[in-house]
Amino acid sequence: HPGARPAPRHPHAIQGPRKLAYLEDRKYLDLKESKNKLETLCYNYRDNLDGGIYQQYMEDSARVTFLKTIGETVDWLYDAGENSTFEEYNTRVAAFLATGEPVKNRYIFYTTIVDCYKRFEELTVFCNAQLAEIAHLTDEQRNSVIGKVQVARDYMNKVKSEIDAKPKTADPTTTIAEVDNKINML
């Protein structure tokens, strides 16, 4: 179609001055994306830790220190950090993730585990109902199902006891994926 722009080519196919321009553009965009990611993390962690949904999943002293770091970083972003480097932004992003992601993961775990307990109990009721209704199962098959339910129940009781004994600021000894795997064996 006359006047239409050609489709963009793969970056490796670009040559000469256009390649240099592309690389400069990509470098600029990477810099802005890195700065935006740091800014987003600051506001996300601040909002969720300062009276938000993550607050109970981080010890008070660590939370106060992290919130102070967040405030300092926000100030830095709009002052000395306005024209910082890609490396500096990424270093700060990595530090924020190292501190904030475990808190976020604890929040996800402790709010999701309740659903796992419920699903486990529902599956246990279902398995027991099936055992009562299916007449053609052999004793060996019934014992296999009963054994799997008991293994899963022992595991879930252990997880619940560990969780009940720890503060929510402590990392759990298991993951939701591990709990789901144990439940899914039913």
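- Paired with Ile176 under the rule side chain to side chain contact (heavy atoms under 4.5 Å, CB included), one option of Ile113, Asn181, Asp115 passes, and it is Ile113.
- A salt bridge links Arg153 to Glu121: one of the charged nitrogens lies within less than 4.0 Å of a carboxylate oxygen.
- Between Cys116 and Val179, the shortest heavy-atom distance links the atoms CB-CG1, 3.8 Å.
- In this structure, Val151 belongs to a hydrophobic cluster whose other members, linked by side-chain heavy atoms under 4.5 Å apart, are Met185.
- Geometric assessment of Lys160 against the ring of Tyr117 yields a positive cation-pi assignment under the 6.0 Å and 45° thresholds.
- Under the side-chain contact (heavy atoms from CB on, under 4.5 Å) criterion, Asp75 pairs with no residue, sequence neighbours left out.
- Connection of Ile146 to Ile183 is established within a shared hydrophobic cluster, with ILVMFWY side chains joined at heavy-atom distances below 4.5 Å, either directly or through further cluster members.
- Checked against the 6.0 Å centroid threshold, Phe66 and Phe96 count as a close aromatic pair.
- A donor-acceptor contact closer than 3.5 angstrom links the side chains of Asn48 and Asn44.
- Using a cutoff of 4.0 Å between basic side-chain nitrogens and carboxylate oxygens, Arg119 and Asp180 are scored as salt-bridged.
- The SG atom of Cys127 lies 9.5 Å from the NZ atom of Lys148; values are rounded to the nearest 0.5 Å.
- At a cut-off of 3.5 Å, with distance as the only test, a side-chain donor of Asp154 or Gln150 sits close to an acceptor on the other residue.
- Separation of atoms OH (Tyr43) and CG (Leu38) is listed at 10.0 Å; rounding is to 0.5 Å.
- Other residues, nucleotides and ligands place more than 12 heavy atoms under 6.0 Å from the CD atom of Glu82.
- For the pair Glu88 (side chain) and Ser84 (backbone), a donor-acceptor distance under 3.5 Å is absent.
- Connection of Leu137 to Phe126 is not established within any shared hydrophobic cluster, with ILVMFWY side chains joined at heavy-atom distances below 4.5 Å, either directly or through further cluster members.
- Taking a 6.0 Å sphere around CG of Asp139, one finds it holds 12 or fewer heavy atoms contributed by other residues, nucleotides or ligands.
- In this structure Glu87 satisfies the side-chain contact (heavy atoms from CB on, under 4.5 Å) test together with Thr85, sequence neighbours excluded.
- Because its NZ or CZ atom is both nearer than 6.0 Å to the ring centre of Tyr155 and within 45° of the ring axis, Lys182 counts as a cation-pi partner of that residue.
- When the shell of 6.0 Å around NZ of Lys166 is examined, it contains more than 12 heavy atoms from other residues, nucleotides or ligands.
- Between Glu72 and Arg92 there is no salt bridge, since no side-chain nitrogen of the basic residue lies less than 4.0 Å from a carboxylate oxygen of the acidic one.
- Tracing side-chain contacts under 4.5 Å through hydrophobic residues (I, L, V, M, F, W, Y), one never reaches Tyr45 starting from Val64; they form parts of separate clusters.
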